[in-house]
**Q** 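The structure that follows is given in the form of structure tokens.
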Amino acid sequence: MKVLFLCSANSARSLMAEAIFRQLAGSDFEVMSAGTEPTQPQAEALDVLQAMGVSTTGLKSKAIDELEDTEFDYVISLCDRARVECQADFTEQNFVAWDFPDPVESRDSEAFKKTAHELSERIRMFLFILRKQSDTPHLYNSPQDFLR
């Protein structure tokens, strides 16, 4: 199963989600991240991941255009801007919209840590639902119903 996390810069939220998802999901899933206007990975985001014991190996900011030929089972936007700009491009995939505040723009010194924690909790629930759904397909309609 392939999952894509999207945000505008692909510098914090989506990179953190990619790394956390990869660690929690194991080999059953392939995960990527991209941005509508990618920049560079935020050092604070990478530091928080490493402090959590999450590998940052291979994380880099990339444009959504680099993945245009890739089909995903789930595309998860992490900001409203990415949802607005990208949802129409992924009509064939399950599109889930999660809106997380950008820790880069926050004045809170714990913003990156809070974002990583919230992403971790949401991803754990998402994986729980996906795994339950594959065990008992009639139990849930779709993960989107529970993750908005």
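The figures that follow rest on heavy atoms only: side chains count, while hydrogens, waters and symmetry mates do not.
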**Q** Looking at S55 and A19, what are the two nearest heavy atoms and their distance?
**A**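 Heavy-atom minimum between the residues: O-CB, 3.6 Å.
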**Q** Enter the distance from R124:CZ to I129:CD1 here, rounded to the nearest 0.5 Å.
**A**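 Between atom CZ of R124 and atom CD1 of I129 there are 14.5 Å.
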**Q** Taking the side chain as everything from C-beta on, heavy atoms only, tell me whether L49 gets closer than 4.5 Å to L15.
**A**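 No. Closest side-chain heavy atoms not under 4.5 Å.
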**Q** Shared ILVMFWY cluster between V84 and L6, side chains joined below 4.5 angstrom?
**A**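 No, no single cluster joins them.
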**Q** For E44, what residues pass the side-chain contact (heavy atoms from CB on, under 4.5 Å) criterion, not counting sequence neighbours?
**A**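 Testing E44 for side-chain contact (heavy atoms from CB on, under 4.5 Å), a comparison that skips the adjacent residues, returns Q42, F112.
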**Q** Take F72 and L67 through the side-chain contact (heavy atoms from CB on, under 4.5 Å) test and state the conclusion after the steps.
**A** CA-CA 10 Å; F72 296 96; L67 306 173; 4.3 Å; yes
**Q** For K62, enumerate each residue passing the side chain to side chain donor-acceptor pair (under 3.5 Å) test, keeping only those at least two apart in sequence or located in another chain.
**A**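 K62 satisfies side chain to side chain donor-acceptor pair (under 3.5 Å) with no residue once adjacent residues are dropped.
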**Q** Kindly indicate whether the side chain of T36, heavy atoms from C-beta on, has any atom under 4.5 Å from the side chain of C7.
**A**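 Side-chain contact under 4.5 Å: no.
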**Q** T115 and S106: side-chain contact (heavy atoms from CB on, under 4.5 Å), yes or no, with the steps?
**A** CA-CA 11 Å; T115 299; S106 177; over 6 Å; no
**Q** Can you name the salt bridge (charged side-chain N to carboxylate O under 4.0 Å, His left out) partners of E30, sequence neighbours left out?
**A**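 Salt bridge (charged side-chain N to carboxylate O under 4.0 Å, His left out) list for E30, sorted by chain: empty.
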**Q** Can you name the closest pair of heavy atoms from A45 and A12 and give their distance?
**A**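 So the two residues come closest at CB-CA, 4.0 Å.
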**Q** Classify the ring geometry between F126 and F21 as parallel (under 30°), tilted (30 to 60°) or perpendicular (over 60°).
**A**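 Rings of F126 and F21: tilted, as their planes differ by 30° to 60°.
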**Q** Within the 3.5 Å criterion, strictly below it, is a donor on S61 or Q40 matched to an acceptor on the partner's side chain?
**A**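 Q40 and S61 do not have a side-chain donor-acceptor pair below 3.5 Å.
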**Q** Indicate yes or no: at least one non-hydrogen side-chain atom of V3 is less than 4.5 angstrom from one of F5.
**A**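 Yes, close enough: below the 4.5 Å cut-off.
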**Q** Quick check for you: to the nearest 0.5 Å, what is the distance between D89 atom CG and I64 atom CD1?
**A**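 So the CG of D89 and the CD1 of I64 are separated by 7.5 Å.
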**Q** Could you go through the side-chain contact (heavy atoms from CB on, under 4.5 Å) check for S11 and V104 one step at a time?
**A** CA-CA 9 Å; S11 67; V104 175; 4.3 Å; yes
**Q** With ring-ring contact (aromatic ring centres under 6.0 Å, His included) as the criterion, how do F95 and Y74 come out once you've worked through the C-alpha distance, each side chain's angles and the decisive distance to 0.1 Å?
**A** CA-CA 6 Å; F95 195 94; Y74 288 92; over 10 Å; no
**Q** How close do N10 and P38 get, heavy atom to heavy atom, and via which atoms?
**A**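 In this case the closest contact between N10 and P38 is CB-CB, 4.4 Å.
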**Q** Of all the heavy-atom pairs spanning R13 and L119, show the shortest one and how long it is.
**A**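 Answer, listing the atom of R13 first, then L119: O-CD1, 3.5 Å.
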**Q** Taking side-chain contact (heavy atoms from CB on, under 4.5 Å) as the test, write out the residues that go with A116, two or more places apart.
**A**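 Partners of A116 under the side-chain contact (heavy atoms from CB on, under 4.5 Å) test: M16, I20, V48, M52.
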**Q** Would you say C79 and D102 make side-chain contact, with heavy atoms under 4.5 Å?
**A**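 Contact flag for C79/D102 side chains = no.
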**Q** Let me confirm one number: the CZ-OG distance from F100 to S14, rounded to the nearest 0.5 Å.
**A**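 So the CZ of F100 and the OG of S14 are separated by 12.0 Å.
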**Q** Please report the interatomic distance CZ(F29) to CG(L127), rounded to the nearest 0.5 Å.
**A**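 The distance works out to 5.5 Å.
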**Q** Closest approach of V31 and R22, non-hydrogen atoms and distance?
**A**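 Heavy atoms only, the tightest pair is O-NH2, 3.0 Å.
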**Q** Could you tell me which residues satisfy salt bridge (charged side-chain N to carboxylate O under 4.0 Å, His left out) with D108, sequence neighbours excluded, listed by chain and number?
**A**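 With neighbours one apart ignored, the set is K114.
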**Q** Kindly compute the distance separating OG (S77) from CG (D99), expressed to the nearest 0.5 Å.
**A**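 Answer rounded to 0.5 Å: 7.5 Å.
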**Q** So do L4 and F90 actually touch side chain to side chain, heavy atoms under 4.5 Å?
**A**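 Yes, close enough: below the 4.5 Å cut-off.
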**Q** Which residue pairs pass the salt bridge (charged side-chain N to carboxylate O under 4.0 Å, His left out) test when at least one of the two sits in residues 69-83, sequence neighbours left out?
**A**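 Passing the test, one end in residues 69-83: E37-R81, D80-R83, R81-E85.
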**Q** How far apart are the closest heavy atoms of L59 and P41, and which atoms are they?
**A**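 Nearest pair, atom of L59 first, then P41: O-CG, 4.4 Å.
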**Q** Could you give the distance from CD (Q23) to OG1 (T56), rounded to the nearest 0.5 Å?
**A**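 It comes to 10.5 Å.
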**Q** Tell me whether E66 contacts the main-chain N or O of A63 through its side chain, where contact means a donor paired with an acceptor under 3.5 Å.
**A**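 Looks like yes, one N/O pair under 3.5 Å.
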